[in-house]
Amino acid sequence: MKSFYITTAIDYVNGSPHLGHAYEKVLTDVIARFRRQMGDKVHFLTGVDEHGQKVQASAKKKGIPPQQFCDEVSQEFRALLPKLNITNDDFIRTTEARHKAVVRAVLQQLFDKGEIYKAEYRGFYSTRQEQFLQEKDRLPDGSWPEIFGEVTEIVESNYFFKLKQYQAWLVEFYEKNPDFIFPAFRQKQVVEFLKEPLNDLCISRPRERLEWGIPLPFDEGYVTYVWFDALLNYYSAVADRPEIWREARHVIGKDILVPPHAVYWPIMLHAAGLPLPRGIIAHGWWLQRGAKMSKSTGNALNPLDLVAEFGADAFRYFLIREMNVGQDSDFTREQFLVRYNSELANNLGNLVNRTLNMTTRFAAGTLPAADATVEDDLEKNLRALWAKTRDEIVPLCEGYQFHTALERTMVFLTETNAYIEKRAPWKLGKSAELRDQVLLRTALATMAEALRLAVAALQHVTPAAAEKINAVLGYAPGNDWRGELEWGTRLNGRKVEAALVLFPRPAPPEKAPAPAKS
RNA sequence: GCCAGAGUAGCUCAGUGGUAGAGCAGAGGACUCAUAAGCCUUUGGUCGCCGGUUCAAUCCCGGCCUCUGGCACCA
């Protein structure tokens with residue numbers, strides 16, 4: 001069984017989860033579920049980043065120890081996962097002993113190899129913000145912005161990682177692995193970036209300035225700064241299972257691709273003699289009217305509100321249907337409702353209900369067998385469309401084009417609805433003719449089988465709905481997903497439920513929407 | 001400034017060297033198994049601008065304009 005290890009970025013606990021966090025979890029979960037369906041042995045990791053200046057400051061502000069602060073905020077992020085139906089196998093916190101031990105071991109190893117050295121860092125320091133400033137922080141007239149307060153030039157000793165000496169190696173690596181980063185245009189950006197010379201990387205902070213971090217094993221007067229702490233979580237979680245680590249893929253936001261994940265991380269691993277991940281998937285951002293969604297601009301949507309209102313499946317479906325992985329996308333409640341109503345409620349949900357209803361009404365609730373002797377173009381065309389759809393969606397999903405795969409599945413559902421109109425079982429049901437009765441049974445079997453197949457194609461995106469639909473069809477899918485995608489007779493003789501309203505239409509906009517029960 | 005992405009119907013986007021496509025929204029119709037759902041038909045576009053190549057360009061080339069993002073210690 002092929003191993004597949006996938007990670008999300010770890011979230012910084014100095015704030016509450018928002019849509020961006022939720023999207024990354026959902027996208028990674030969809031990939032993880034898809035790979036499981038394809039037969040891979042998946043290991044799915046997510047977690048939180050808990051060290052650093054901001055956490056230390058926030059804890060101090062609340063008058064509680066940093067660890068307690070982390071415990072509280074981490075719980076918020078952790079609680080998000082089951083609500084989104086995320087199937088992560090592990091959840092790592094950078095304050096855990098297993099992580100700290102690996103970080104210290106890697107740092108010590110690199111130090112022993114001479115990859116880390118101590119040097120003086122000279123720069124402009126803002127006491128108020130407790131950070132070094134960059135030249136680009138200056139105002140056009142050369143002065144420092146008001147928020148930094150008093151700025152003084154100071155000299156500080158720190159430890160540096162020899163990043164620069166691996167630049168040529170990294171350039172060559174990207175030449176040899178043109179598909180390392182998805183989407184491809186992001187890798188081009190990285191290659192462009194690497195045309196400028198790199199500097200060595202400052203990886204420490206003196207304890208007087210930053211207490212809340214992992215102490216350097218070779219100098220306890222310093223803690224390690226973000227890179228060797230946060231990035232290493234991917235490895236520290238599976239450090240004892242190299243067969244998993246070798247198949248790592250990282251899902252991250254485009255904002256942390258360059259330089260952290262595309263430059264620092266490969267070089268860190270290479271310097272430490274560790275295998276590199278298989279690839280990086282850099283997703284885009286959700287925007288609102290073209291502006292990045294963030295807390296500071298006051299337009300952040302609380303994802304849990306939508307999940308509570310419409311259910312995790314509808315939320316997951318929208319995120320995956322609407323976003324072309326790697327691109328940015330707009331998020332509006334209006335657009336959400338368009339997708340929800342037209343695709344989930346009307347196209348899929350209504351098909352479920354009418355199938356159940358007709359089976360109950362015209363076949364006493366037991367799905368009949370199709371009769372091949374009466375099948376004509378209507379059935380053959382639908383089957384042919386399914387074969388085409390199935391052949392398309394598997395490679396689309398393998399290439400992270402989930403939005404297109406969903407679109408193809410919707411086309412198939414639309415054609416299934418159209419098939420029903422053309423066959424009109426409600427007319428056949430009123431006829432006593434033998435041929436009409438055979439056609440009726442064929443129609444019922446065909447629509448149910450089409451529904452089962454579409455649901456199989458959707459199940460990594462809308463797992464709860466898939467389970468529910470299979471249940472009302474009296475069906476329990478097997479473990480061989482590829483086999484489940486074959487048009488067949490699996491539903492023959494199944495006893496179905498009389499009705500199921502999935503994705504109920506929300507109340508008109510004037511009134512408050514009714515709470516959804518998925 | 002440099003690099004990248006994008007400019008196609010009201011909205012979101014596909015697309016190809018040879019009379020412009022889909023979904024949604026809008027309009028009309030027939031039907032009734034169904035979540036007033038589904039189905040059929042339909043209105044709607046000088047494919048950012050200017051040149052060039054070509055028998056022929058939205059798609060190729062050059063130039064220009066506009067929007068978005070990235071440009072190192074910031075998660």
Side-chain angles (χ1 to χ4, degrees), chain A residues 9-15 48-49 51-52 54-55 121 123 131-132 134 136-137 158 160-161 163 183-203 205 225-227 229-231 252-261 263-264 284-285 287 290-292 321-322 324 326-330 332 334-335 337-339 341-362 403-404 407 410-411 413-430 443-444 447 499-506:
Chain A
I10 50 174
D11 300 317
Y12 198 54
V13 293
N14 191 49
V48 284
D49 179 13
H51 287 126
K54 289 175 184 164
V55 168
Y121 182 82
Q131 63 168 280
F132 276 95
Q134 304 305 309
K136 68 174 183 178
D137 291 326
N158 262 312
F160 288 81
F161 170 56
L163 197 71
F185 76 86
R186 291 282 171 213
Q187 179 145 343
K188 281 190 210 158
Q189 279 187 354
V190 173
V191 170
E192 283 302 317
F193 177 85
L194 287 171
K195 286 178 180 168
E196 298 295 316
L198 293 172
N199 293 325
D200 286 344
L201 185 65
C202 180
I203 60 159
R205 290 292 183 270
Y225 191 57
V226 54
W227 314 121
D229 183 351
L231 287 168
I252 59 168
K254 65 181 185 179
D255 51 327
I256 53 172
L257 177 64
V258 184
H261 284 81
V263 178
Y264 302 161
W285 286 335
L287 310 173
K292 188 191 177 189
R321 174 73 175 89
E322 197 72 6
N324 180 346
Q327 307 288 104
D328 292 345
S329 204
D330 255 306
T332 64
E334 289 69 32
Q335 186 64 9
L337 286 173
V338 164
R339 294 287 184 206
N341 283 327
S342 75
E343 298 185 359
L344 290 178
N346 298 347
N347 209 5
L348 173 61
N350 187 51
L351 174 62
V352 171
N353 205 34
R354 67 198 304 214
T355 299
L356 297 179
N357 216 287
M358 283 187 267
T359 303
T360 300
R361 187 186 288 230
F362 302 123
H403 68 301
T404 309
E407 188 264 336
M410 276 301 135
V411 168
L413 284 170
T414 294
E415 286 307 310
T416 301
N417 274 313
Y419 162 80
I420 294 171
E421 298 295 327
K422 289 169 193 153
R423 202 42 106 196
W426 50 93
K427 286 182 184 165
L428 299 170
K430 288 168 189 162
L444 293 174
M447 74 175 81
L500 171 68
V501 175
L502 269 179
F503 309 114
R505 287 177 67 87

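Worth knowing before you read on, the calculation uses all heavy atoms, side chains too, and leaves out hydrogens, waters and symmetry mates.
Under the salt bridge (charged side-chain N to carboxylate O under 4.0 Å, His left out) criterion, Glu322(A) pairs with Arg339(A), not counting sequence neighbours. With sequence neighbours left out, the salt bridge (charged side-chain N to carboxylate O under 4.0 Å, His left out) criterion links Lys430(A) to no other residue. When the salt bridge (charged side-chain N to carboxylate O under 4.0 Å, His left out) test is applied to Asp229(A), no partner is found at least two apart in sequence or on another chain. Residues that satisfy the ring-ring contact (aromatic ring centres under 6.0 Å, His included) test with Phe160(A), not counting sequence neighbours, are Tyr117(A). Asn357(A) meets the side-chain hydrogen bond (donor to acceptor under 3.5 Å, both in side chains) test with no other residue; sequence neighbours excluded. Applying the side-chain hydrogen bond (donor to acceptor under 3.5 Å, both in side chains) rule to Asn324(A) yields no partners; only residues at least two apart in sequence or on another chain are considered. By the ring-ring contact (aromatic ring centres under 6.0 Å, His included) test, His261(A) pairs with Tyr234(A), sequence neighbours left out. For Glu192(A), the salt bridge (charged side-chain N to carboxylate O under 4.0 Å, His left out) test picks out Lys195(A), with sequence neighbours left out. Applying the ring-ring contact (aromatic ring centres under 6.0 Å, His included) criterion to Phe185(A), with sequence neighbours excluded, gives no partner residue.
Heavy atoms of Pro197(A) sit under 4.0 angstrom from at least one base atom. Using a 4.0 Å heavy-atom cutoff across all strands shown, Asp200(A) reaches at least one base atom of the nucleic acid. The residue Asn14(A) sits apart from the nucleic acid: no heavy atom pair falls under 4.0 Å. At the heavy-atom level, Leu257(A) lies nowhere under 4.0 Å from the strands shown. Among the heavy atoms of the strands lying under 4.0 Å from Lys54(A) are primed sugar atoms or P, OP1, OP2 only; no base atom is included.
Rounded to whole Å, the separation between the C1' atoms of rC61(B) and rC67(B) comes to 24 Å. rG7(B) sits 14 Å from rC64(B) when the C1' atoms are compared, rounded to a whole Å. rA22(B) and rA9(B) have their C1' atoms separated by 11 Å, with the value rounded to a whole Å. Nucleotides rC55(B) and rC47(B) are separated by 22 Å at their P atoms, to the nearest Å. Remark: the separation of the P atoms in rC59(B) and rU53(B) is 15 Å, to the nearest Å. A distance of about 29 Å separates the P atoms of rG63(B) and rA20(B), rounded to the whole Å. Using C1' as the reference atom, rG44(B) and rC11(B) are 13 Å apart when rounded to the nearest Å. With P as the reference atom, rU46(B) and rG29(B) are 29 Å apart, rounded to whole Å.
The CZ-P distance, from Arg505(A) to rG38(B), rounds to 8 Å in whole Å. Summarising the geometry, the separation between CD on Glu407(A) and C1' on rA14(B) is reported as 8 Å, rounded to the nearest angstrom. Distance CG (Asn324(A)) to C1' (rC13(B)): 10 Å, rounded to an integer number of Å. Remark: P of rC33(B) and CG of Leu428(A) are 12 Å apart, rounded to the nearest angstrom. Residue Ile256(A) contributes atom CD1, which lies 14 Å from atom C1' of rG70(B) at whole-angstrom precision. The nearest whole Å value for the distance from the CG atom in Asp255(A) to the P atom in rG69(B) is 13 Å. Between Asn353(A) atom CG and rG38(B) atom C1' there is a gap of 12 Å when expressed in whole angstrom units. Summarising the geometry, the separation between CZ on Phe362(A) and C1' on rA34(B) is reported as 11 Å, rounded to the nearest angstrom.
Judged by closest nucleotide on RNA chain B, Arg321(A) is the one of Leu201(A) and Arg321(A) placed further toward the 5' end. Between Gly349(A) and Asp328(A), the residue anchored closer to the 5' end of RNA chain B is Gly349(A), taking for each the nucleotide with the nearest heavy atom.
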**OP:** Take nucleotides 39-44 of chain B nucleotide by nucleotide from the 5' end and write B, S or -, depending on whether a protein heavy atom sits under 4.0 Å from the base, only from the sugar-phosphate, or from neither.
**Re:** S-----
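Listed candidates were rA34(B), rG69(B), rA72(B). Nearest to the side chain of Trp285(A) is rG69(B). If you check rC24(B), rC33(B), rU12(B) against the side chain of Glu322(A), the one that comes closest is rU12(B). For Tyr264(A), counting side-chain heavy atoms from C-beta on, the closest listed nucleotide (rA72(B), rC24(B), rA75(B)) is rA72(B). Of the listed nucleotides (rU35(B), rC74(B), rG69(B)), rU35(B) has the atom at the smallest distance from the side chain of Val501(A). For Pro259(A), taking side-chain heavy atoms from C-beta onward, the closest of the listed nucleotides rA72(B), rC33(B), rA75(B) is rA72(B). For Asn346(A), the listed nucleotide lying nearest its side chain is rG38(B); candidates were rC33(B), rU35(B), rG38(B). Side-chain proximity of Trp426(A) to rA34(B), rA75(B), rU32(B): nearest is rU32(B). Between rG69(B), rU35(B), rC74(B), one nucleotide has an atom nearer to the side chain of Tyr225(A) than all others, and that is rC74(B).
Listed here is the closest heavy atom pair of Asn417(A) and Arg354(A): OD1-NH1, 2.8 Å. For the pair Leu201(A) and Tyr264(A), the tightest heavy-atom approach, listed with the atom from each and the gap, is CD1-CZ, 3.6 Å. Looking at every heavy atom in both residues, Ala345(A) comes nearest to Phe503(A) through CB-O, 3.3 Å.
Counting only Watson-Crick or G-U wobble pairs whose defining distances are both under 3.5 Å, the stems of 3 or more consecutive pairs in RNA chain B are B:1-7 with B:65-71, B:10-13 with B:21-24, B:26-29 with B:39-42, B:48-52 with B:60-64.
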Give each protein N/O atom lying under 3.5 Å from an N/O atom of nucleotides 3-6 of chain B, with the pair distance.
none

Original post:
Could you go step by step and tell me if Arg186(A) and Val258(A) meet the side chain to side chain contact (heavy atoms under 4.5 Å, CB included) rule?
Top reply: CA-CA 9 Å; Arg186(A) 291 282 171 213; Val258(A) 184; over 6 Å; no
**OP:** Determine, step by step, whether Met358(A) and Thr355(A) satisfy the side chain to side chain contact (heavy atoms under 4.5 Å, CB included) criterion, reporting the C-alpha distance in whole Å, the side-chain angles of both residues, the deciding distance to 0.1 Å, and the verdict.
**Re:** CA-CA 5 Å; Met358(A) 283 187 267; Thr355(A) 299; 5.8 Å; no
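Residue Lys430(A) has a polar side-chain atom (N or O) positioned under 4.0 Å from OP1 or OP2 of rC33(B). Taking side-chain N and O atoms only, Arg354(A) has no distance below 4.0 Å to OP1 or OP2 of rA37(B). Listed pair Lys254(A) / rG69(B) fails the phosphate criterion, with no side-chain N or O lying under 4.0 Å from OP1 or OP2.
Looking at Asn350(A), its side chain comes within 3.5 Å of the base of rA34(B) through a donor and an acceptor atom.
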